[in-house]
Amino acid sequence: MKSFFITTAIDYANGSPHLGHAYEKVLTDVIARFRRQMGDRVHFLTGTDEHGQKVQQSARKQGVEPQQFVDNISEEFRGLCKRLNISNDDFIRTTDERHKKVVRRILQQLFDKGEIYKADYKGFYSTRQEQFLQEKDRQPDGAWPEIYGEVVEITESNYFFKLGKYQQWLIDYLKANEDFVFPRYRQKQVLEFLKDPINDLCISRPKERLSWGIPLPFDENYVTYVWFDALINYYSAVEGTDWWPASFHVIGKDILVPAHAVYWPIMLKAADIPLPKALLAHGWWSVSGSKMSKSTGNVIKPLDFADQFGVDALRYFLIREMNVGQDSDFSPDQFLVRYTSELANNLGNLVNRTLNMTNRFAGGLVPEPAELDKPEQDLRALWDKTRDEVLQLCEGFQFHLGLERTFTFITATNAYIELRAPWKLGKSTEAKDQALLRTSLATMAEALRCAVGLLTAVMPETSQKIYGVLGYQPGSVWSDELVWGNKLVGKKVAETAILFPRPEKPATEKK
RNA sequence: GCCAGAGUAGCUCAGUGGUAGAGCAGAGGACUCAUAAGCCUUUGGUCGCCGGUUCAAUCCCGGCCUCUGGCACCA
């Protein structure tokens, strides 16, 4: 059995979850569910990144201890996962003892090997913002912006990790492993970045400046800063198991270069730990055409949509709309279009009319089909083709196309029903028509049951509901569910089911 | 500036060296099992601009314009 270990980036515990967080979780979840369905042994990790200056500052602002502060935020992110039906097997927090232990051990190991050294860093420091400033932070006239307050040039000793030493090795590695980063053009960007010499990485902060972090094992006057803390979560969570190396780190495109594609491989290489097999960098969501940002206030709260339309409608939209790797736009109007025309009208209505006809013309029991005629054979052939294509597309993370094909099949099922018009057959007493009626009812139910199998990873709750109203309990082997058969014959279906109710008012009018 | 991607129907996008396609929206129709849903038909495009190669280019080449993204830390 193939092992598949997949991770999301861990979220920084300094603010509430927004659409981007939700997307990354859902995308990774769909991949994880798909792999499980394909028979892989899957481990799915997510979590929160809880140290650092911003957390320390936010906690102080609220007048609480950092630990209490991150406890709250971390809880919020775990709530998001639960609400979105994320099937993660583990949730790591960088404040977990299991994590801190591994971070300190790796740091010590690299220090002993001479991969970490101490040096002076000289730069302009803002006491108000408690950070070093870059030349790019200056205004055109050379002055420092107001927000930084007093800026002084200071010298500070810190520890550095020898990144530069491994630059050529990484370039060679990426050239030899063209599929390290998905999509491919992103890997080119990494190589592009590596054309210029890279500096060694400052990995510490003096404790008096930043206390909320993991102390360096070889110098307790410092804590480790950002990357050695955050990135190692992927490894620390599974150390001692057989899950490492990870199959995929799913991340946002913003943290690909340099963090995940440069720092992380080099850190692992230096520590003699195998590299993850691949990185998957996804795009960003804009909102109604403009960049989502806290300052403009157009942050989408994903759970509002989940609350109003159901979790699966949100999951469906995120996966249907985004071509993995590229950017997409989220607008309430577009959401409503997909919700109404695809989920409610196309799928939801198919479910409901199938139940209604089965009740009206067959006493609520799915009948046995007679011999399959051309329309039935055509639909079944389309099913085989659809299934094969969709599986292929999902293997390549083309979930949006997979859903499109699946819905093409659903539309074809609706068209099949029109062709047979069971409501007309139901009025006839001739044996031939009655046989055709039974066949058409059985066919539409079976088509629906098959289609649901391809929707499960994206809409787990809806899939369960549809199976439920068909009186059906799927078996444990997913691929069997994708085979056209007579699995529903004799099943007692529900009276009615409104899976995706039409919204009363447009979402845009909702306050 | 450099690198990458993109400019095709009102909108979102697919596409091939040989008279342009889908979904949604719009229009018309037949039907009635159904969430005023579904089905059928249909309006609609100088395929960014200018040259070139070719019997023939939206698709190949050159140039230009525009947009988006990346270029050291917001998923």
Side-chain angles (χ1 to χ4, degrees), chain A residues 8-12 14-15 17-28 49 52 54 134 136 163 183-193 195-196 198-199 201-202 225-227 230 250-260 262-263 281-286 291-295 299 320-321 323 325-329 331 333-334 337-338 340-361 400-401 404 407-408 410-426 437 440-441 444 496-503:
Chain A
T8 70
I10 50 175
D11 299 311
Y12 195 52
N14 188 42
H18 59 240
L19 187 69
H21 297 109
Y23 172 67
E24 185 170 306
K25 303 269 184 281
V26 170
L27 172 63
T28 311
D49 177 14
K54 283 181 184 165
Q134 307 293 322
K136 63 166 183 160
L163 266 193
R184 279 214 176 169
Y185 72 88
R186 295 254 177 232
Q187 178 138 337
K188 284 192 207 154
Q189 289 181 354
V190 179
L191 285 166
E192 218 33 59
F193 173 78
K195 276 183 181 163
D196 294 328
I198 53 176
N199 297 324
L201 181 66
C202 181
Y225 180 66
V226 185
W227 298 116
V250 176
I251 57 173
K253 63 182 185 180
D254 54 301
I255 51 173
L256 176 68
V257 180
H260 282 77
V262 179
Y263 300 164
H282 66 246
W284 277 22
W285 287 91
S286 55
K291 207 167 192 169
M292 178 166 40
S293 92
K294 285 161 202 162
S295 51
V299 176
R320 175 66 185 84
E321 192 73 12
N323 180 345
Q326 299 186 358
D327 291 345
S328 281
D329 188 57
S331 76
D333 286 348
Q334 182 70 357
V337 165
R338 293 221 183 272
T340 305
S341 78
E342 294 171 14
L343 293 179
N345 296 351
N346 226 325
L347 174 61
N349 186 53
L350 171 63
V351 171
N352 200 33
R353 66 198 301 216
T354 299
L355 300 182
N356 269 284
M357 283 186 269
T358 305
N359 279 298
R360 185 179 293 221
F361 303 119
H400 66 303
L401 295 177
E404 186 191 44
F407 271 77
T408 298
I410 289 168
T411 291
T413 304
N414 275 316
Y416 165 80
I417 293 172
E418 301 295 329
L419 184 68
R420 283 306 189 199
W423 49 93
K424 283 182 186 160
L425 297 169
L437 173 62
S440 61
L441 292 173
M444 70 177 81
T496 184
I498 303 297
L499 297 174
F500 301 101
R502 291 182 140 281

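We name chains A, B, ... by the order of the sequence lines, and we start the count at 1 in each one.
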Can you tell me how far C1' in B/U42 sits from the matching atom in B/C24, rounded to whole Å? 15 Å

Could you tell me which residues satisfy salt bridge (charged side-chain N to carboxylate O under 4.0 Å, His left out) with A/Glu321, sequence neighbours excluded, listed by chain and number? A/Arg338

Taking only residues two or more places apart in sequence or in another chain, which ones pass side chain to side chain donor-acceptor pair (under 3.5 Å) with A/Gln326? none

B/C49 to B/C39 separation - C1' atoms, rounded to the nearest Å: 43 Å

Atom pair distance, as rounded to whole Å: CE in A/Met444 and C1' in B/C33: 8 Å

Residue pairs passing the salt bridge (charged side-chain N to carboxylate O under 4.0 Å, His left out) test with at least one member in residues 411-422 of chain A, sequence neighbours excluded, are A/Arg353-A/Glu418, A/Glu376-A/Arg420

Using a heavy-atom cut-off of 4.0 Å across all strands, would you classify A/Lys253 as base, sugar-phosphate, or nothing? sugar-phosphate

Which whole number of Å gives the distance between the P atom of B/G63 and that of B/C3? 12 Å

Hey, which sits more toward the 5' end of RNA chain B by its nearest nucleotide, A/Leu350 or A/His282? A/Leu350

Assuming nearest nucleotide by heavy-atom distance, tell me which of A/Ala412 and A/Val257 is located more 5' along RNA chain B. A/Ala412

Candidates B/A75, B/A72, B/A34 - which lies nearest the side chain of A/Asp11: B/A75

Rounded C1' spacing from B/U66 to B/A75 in Å: 29 Å

Whole-Å distance, A/Asp333 CG to B/A25 C1', equals 12 Å

Nearest-Å distance for atom pair CG/P, residues A/Leu355 and B/A34: 12 Å

Please check this pair: side chain of A/His282 against backbone of A/Ile251, looking for a donor-acceptor N/O pair closer than 3.5 Å. yes

What does the list of N/O pairs under 3.5 Å between the protein and nucleotides 36-38 of chain B look like, with a distance for each?
| residue | atom | partner | partner atom | Å |
| --- | --- | --- | --- | --- |
| B/A37 | OP1 | A/Arg502 | NE | 3.4 |
| B/A37 | OP1 | A/Arg502 | NH2 | 2.5 |
| B/A37 | O5' | A/Arg502 | NH2 | 2.9 |
| B/A37 | O3' | A/Asn345 | ND2 | 3.4 |
| B/A37 | O2' | A/Asn345 | O | 3.2 |
| B/A37 | O2' | A/Asn349 | ND2 | 2.9 |
| B/G38 | O2' | A/Arg353 | NH1 | 3.0 |
| B/G38 | O2' | A/Glu418 | OE2 | 3.3 |
| B/G38 | N2 | A/Glu418 | OE1 | 2.9 |
| B/G38 | N3 | A/Glu418 | OE2 | 3.2 |

Students often get this wrong, so: under 4.0 angstrom with heavy atoms, is A/Asp196 touching a base, only sugar-phosphate, or nothing? nothing

Side chain to side chain contact (heavy atoms under 4.5 Å, CB included) partners of A/Gln189, counting only residues at least two apart: A/Tyr185, A/Arg186

Rounded to whole angstrom, note down the C1' distance from B/A9 over to B/G45. 5 Å

May I have the distance from A/Arg184 (atom CZ) to B/G69 (atom C1'), rounded to whole angstrom? 20 Å

Exam field: side chain A/His260 to backbone A/Ile255, donor-acceptor pair closer than 3.5 Å: yes

Of the listed nucleotides B/U35, B/A75, B/C33, the one nearest the side chain of A/Arg360: B/C33

Those residues at least two apart in sequence (or on a different chain) that pass salt bridge (charged side-chain N to carboxylate O under 4.0 Å, His left out) with A/Asp254 are none

Set of residues satisfying salt bridge (charged side-chain N to carboxylate O under 4.0 Å, His left out) with respect to A/Arg184, sequence neighbours excluded: A/Glu178, A/Asp179

Where the side chain of A/His18 is concerned, which of B/A75, B/G69, B/A72 is the nearest nucleotide? B/A75

Just to verify, what does A/Asp11 make a salt bridge (charged side-chain N to carboxylate O under 4.0 Å, His left out) with, not counting sequence neighbours? A/Lys25

Backbone N or O of A/Asn352 within a donor-acceptor pair of the A/Asn356 side chain at under 3.5 Å? yes

Map every base of RNA chain B to its dot-bracket character, where paired means a Watson-Crick or G-U wobble contact with both distances under 3.5 Å and | marks a partner outside the strand. (((((((..((((.......)))).((((.........)))).....(((((.......))))))))))))....

Categorize A/Phe500 for me: base, sugar-phosphate, or nothing, with a 4.0 angstrom heavy-atom threshold over every strand shown. base

Report yes if some heavy atom in the side chain of A/Tyr23 is under 4.5 Å from a heavy atom in the side chain of A/Trp284; otherwise report no. no

Using atom C1' in both nucleotides, what's the gap between B/G48 and B/U58 to the nearest angstrom? 11 Å

A/Thr408: side chain to side chain donor-acceptor pair (under 3.5 Å) partners, not counting sequence neighbours: none

What contact category does A/Leu201 fall into here, base, sugar-phosphate, or nothing, at under 4.0 angstrom with non-hydrogen atoms? nothing

Suppose you measure atom C1' in B/U12 against the same atom in B/G7; what distance do you get, rounded to whole Å? 14 Å

Which nucleotides of nucleotides 3-16 of chain B have their base under 4.0 Å from a protein heavy atom (B), which only their sugar-phosphate (S), and which neither (-), written as one string 5' to 3'? SS------------

Send over the distance from A/Asn352 CG to B/U32 P, rounded to a whole Å. 19 Å

Please list, chain by chain and in numerical order, all residues satisfying side chain to side chain contact (heavy atoms under 4.5 Å, CB included) with A/Asn345, sequence neighbours excluded. A/Thr340, A/Arg502

Using the P atom as the reference point in each nucleotide, state the distance between B/A34 and B/A22 in Å, no decimals. 31 Å

